[in-house]
2 protein chains.
Amino acid sequence: MSTSGTPRRPTIMEVARLAGVSHQTVSRYLRSEGGLKESTRERVGAAVRELGYRPNLIARSMRTRRTGRLAVLLPGLGSFSPDRMLVGAIAAARAAGFAVEVQSVDGGSGARAERVLELADSGQVEGILSLAPVVHEGDRMPAGEVPVVVCAGYDDQMRGIGELADGSVVADLVAGLAAVGHRRFLHVSGSLRFASARGRKETFLRTVERLGLESHGVVDGDWSAESGRDAVRSLAEDSGVTAVIAANDVVAAGVVRGALERGWGVPDDLSVTGWDNNPVGAYLSPALTTVDVDRERLGRDAMERLVASVRGAEPALSDGPLNRIVWRESTGPVPPRSR
Amino acid sequence: MSTSGTPRRPTIMEVARLAGVSHQTVSRYLRSEGGLKESTRERVGAAVRELGYRPNLIARSMRTRRTGRLAVLLPGLGSFSPDRMLVGAIAAARAAGFAVEVQSVDGGSGARAERVLELADSGQVEGILSLAPVVHEGDRMPAGEVPVVVCAGYDDQMRGIGELADGSVVADLVAGLAAVGHRRFLHVSGSLRFASARGRKETFLRTVERLGLESHGVVDGDWSAESGRDAVRSLAEDSGVTAVIAANDVVAAGVVRGALERGWGVPDDLSVTGWDNNPVGAYLSPALTTVDVDRERLGRDAMERLVASVRGAEPALSDGPLNRIVWRESTGPVPPRSR
DNA sequence: CCACAAAAAGTGAACGTTCACTATTTCTCC
DNA sequence: GGAGAAATAGTGAACGTTCACTTTTTGTGG
């Protein structure tokens with residue numbers, strides 16, 4: 001316990017005095033700018049350590065007009081759960097030397113657009129990453145200064161990462177089922193306000209066409225189990241559908257339930273796939289075939305794009321598989337007599 | 001598009017000039033400090049609007065030595081998923097006028113303790129909320145200046161909120177099962193580094209004792225399905241256990257699986273309860289009895305404690321039920337012949 | 001109408017750093 | 001060893017706000 005009231009933190013000036021140099025030299029030392037004689041560097045370093053000096057980042061921000069802070073926007077409500085993505089995004093930001101300010105915005109993509117503008121305008125952050133859709137009305141785009149990256153959003157910016165990667169796996173899913181005889185498919189999509197939902201839907205349709213299969217169509221859902229259950233309920237008895245690609249595991253759980261309620265066996269009469277690898281899905285009966293997504297990497301990649309954009313550089317995106325199909329019991333060969 | 005390069009933002013000085021007052025008067029206006037003549041207030045307001053002036057919060061921070069920012073620490077890895085809590089915490093912080101900086105820390109509680117110290121020391125945040133355990137080695141507690149609240153942590157600070165509330169529901173769960181005849185219970189806990197896991201365990205033991213029931217003991221798990229499955233596997237044939245309280249839904253799914261594998265019916269031979277209300281749990285067979293937790297409120301309450309602590313006030317915590325038992329198919333009356 | 005108090009407004013410095021210069025020291029080469 | 005260049009170090013101002021005062025204006029009672 002020190003005896004004085006508040007033990008004011010030492011400043012660059014005090015370090016300079018102790019080291020016997022000018023404050024500017026200390027400043028250079030702190031920015032590790034080079035151009036310091038070895039002996040000087042050591043003296044300053046010793047002074048810094050002796051005083052326990054730590055730079056005042058706010059004062060620095062004030063002078064440099066850079067905050068070293070990026071904002072991440074989270075959807076406030078709803079089933080979309082960005083946890084792992086957030087962790088990945090934060091890790092990437094930290095690795096790049098940025099702090100992350102997180103905001104969560106209730107309401108739809110319009111509300112988020114408002115917040116994006118507000119943030120861009122505040123001068124508090126150097127870039128903005130939104131993990132949910134953002135729609136800008138008319139010309140009210142954010143001022144040119146602050147880059148914005150939207151993940152799972154309307155913007156096309158993520159197309160190179162999320163959508164295509166997503167897509168290829170939907171294609172694999174369909175192809176894998178086709179390989180065991182399935183010909184007629186149904187897709188229950190997620191909320192189409194999400195790029196991920198749109199991407200999966202489009203890829204589904206493209207793949208079915210490309211492989212010469214039949215689509216019984218797409219039911220536009222909302223990521224809920226109920227939407228999956230309803231989709232199966234409203235299927236005609238003679239629809240001929242033998243495989244359902246659900247938007248995620250929760251929807252798939254609803255599809256399975258709906259099928260069982262109609263007396264259809266899964267996978268004996270109907271194969272069902274999910275998405276997300278919800279740990280509980282492995283314990284459904286039948287255990288759910290699903291897609292394990294490296295959400296952390298998804299967030300990391302998005303953040304890397306943002307950082308690159310802030311710095312005016314090219315993003316260095318990671319490679320390797322982002323999604324991995326986990327085949328389990330809810331999928332199987334097509335039934336002998338197609339229903 | 002303006003013709004100049006960067007359209008520097010207007011400062012308080014320019015507002016003052018336009019309004020024909022001193023910069024100090026503008027400053028007073030901005031802080032809505034009162035003591036301004038109505039006519040003056042209007043003139044300044046008009047100038048602010050005309051210039052589109054927005055205060056430079058960094059400059060303000062520099063002078064006031066307050067950042068208006070709180071930090072939230074997230075566990076980097078592991079099954080613990082703080083998403084809804086984070087959303088709640090952020091909402092509460094925003095309502096109180098604070099921005100939130102989120103950090104995620106890989107590694108154990110020791111690593112988090114390091115980060116807490118680093119943050120407390122940085123002068124960048126006025127308070128720290130950790131959503132995962134933090135253990136301080138020896139005397140290296142954070143400097144007195146910056147309040148720290150640990151949610152789901154070793155600290156006793158949350159006891160009034162999380163643990164007791166949790167506890168009461170475990171008691172209800174056990175009592176509910178006892179009411180339909182169960183006498184001998186097993187608890188599969190979560191990782192005991194989490195206060196929530198410890199709280200549920202303690203309450204389980206206390207309740208069993210209080211109601212004059214029998215505990216077959218507690219298996220210390222790690223929130224994983226495997227730990228639940230193992231717990232059931234290693235149960236003696238004649239253990240007499242008819243009800244298992246699992247730490248969460250994933251563990252419960254493992255317990256159910258383990259029971260079915262041994263040929264025990266759920267709930268005919270064994271009742272199983274989970275925790276978290278994982279949406280997929282409703283579609284397990286049997287559908288999982290679980291506890292629906294208002295995680296958002298959990299986060300909000302924790303943040304409210306932090307804000308109160310920063311301001312030296314008493315926290316205004318919300319009331320109403322935090323947890324709600326959802327009875328489903330995985331629980332039922334005790335089997336006629338107790339195994 | 002004046003003395004005095006209270007209210008309103010103004011003045012200059014300070015917060016802790018970096019920027020844009022200038023001054024000094026050190027090195028290199030003939 | 002000395003001129004010139006390069007490396008190193010120093011000086012003062014500036015970033016945009018609020019703090020701690022001081023000055024001016026307005027209001028009040030005798």
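Naming: A, B, ... by sequence-line order, numbering from 1 per chain. Because the structure is predicted, anything quoted here is derived from the model rather than measured.
- As a whole-Å value, the separation of B:E14 CD from D:dC15 P is 10 Å.
- In this structure, A:R63 atom CZ and D:dG16 atom P are separated by 9 Å, rounded to whole Å.
- Only B:G35, B:L36, B:K37, B:T40, listed by number, bring a heavy atom of residues 35-43 of chain B to less than 4.0 angstrom from any atom of DNA chain C.
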Please list, for nucleotides 21-24 of chain C, all pairs of protein and nucleotide N/O atoms separated by less than 3.5 Å.
none

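- Residue B:T25 places at least one side-chain N or O under 4.0 Å from the OP1 or OP2 atom of C:dG10.
- With D:dG16, D:dA9, C:dG12 as the candidates, the nucleotide lying closest to the side chain of B:H23 is C:dG12.
- Look at A:R31 and you won't find any side-chain N or O under 4.0 angstrom from OP1 or OP2 of C:dT17.
- Looking at heavy-atom distances under 4.0 Å, B:Y53 makes contact with sugar-phosphate atoms alone, never a base.
- The A:M62 side chain lies nearest to D:dC15 when the options are D:dC15, C:dT18, C:dG10.
- The shortest non-hydrogen separation linking B:V102 to A:V102 is CG2-CG2, 3.3 Å.
- Here the closest non-hydrogen pair linking A:Y53 and A:I12 is CE1-N, 3.6 Å.
- B:I128 contributes atom CD1, which lies 11.0 Å from atom OG of B:S309 (distance to the nearest 0.5 angstrom).
- Here the straight-line distance linking atom CG of A:L86 with atom CD1 of A:I90 works out to 4.0 Å at 0.5 Å rounding.
- Look at CD1 on B:I12: it is 19 Å from P on C:dA14, rounded to the nearest Å.
- Of the candidate nucleotides C:dT11, D:dT17, C:dG16, D:dT17 has the atom nearest to the side chain of B:R60.
- Atom CZ in A:R65 sits about 18 Å away from atom P in C:dT17, given to the nearest Å.
- Atom P of nucleotide C:dG16 and atom CG of B:N56 are separated by 17 Å, given to the nearest angstrom.
- A:M303 CE to A:M85 CE: the interatomic distance, rounded to the nearest 0.5 Å, is 10.5 Å.
- If you run side-chain contact (heavy atoms from CB on, under 4.5 Å) between B:Q103 and each of B:R115, B:E118, B:R112, only B:R115 comes through.
- Spacing between atom CZ of B:R54 and atom C1' of D:dT17 amounts to 16 Å, rounded to whole angstrom units.
- Close to C:dT18, at under 4.0 Å from its OP1 or OP2, lies no side-chain N or O of A:T64.
- A salt bridge is defined here as a Lys NZ or Arg NE, NH1 or NH2 lying under 4.0 Å from an Asp or Glu carboxylate O, and B:D301 with B:R297 meets this definition.
- For the pair A:E14/A:L51, a side-chain contact is recorded, criterion being any heavy-atom separation below 4.5 Å from C-beta on.
- Across the protein-nucleic acid pair, B:L57 atom CG and C:dC15 atom C1' stand 16 Å apart, rounded to whole Å.
- Between A:E38 and A:R41 there is a salt bridge, since a side-chain N of the basic residue sits under 4.0 Å from a carboxylate O of the acidic one.
- A:L51 places its CG atom 15 Å from the C1' atom of C:dG16, with the value rounded to the nearest Å.
- Of the side-chain N and O atoms in B:S22, one or more sit less than 4.0 angstrom from OP1 or OP2 of C:dG10.
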(request) Show your reasoning for whether side chain to side chain donor-acceptor pair (under 3.5 Å) applies to A:S27 and A:R31. (result) CA-CA 6 Å; A:S27 177; A:R31 281 173 290 149; 2.9 Å; yes
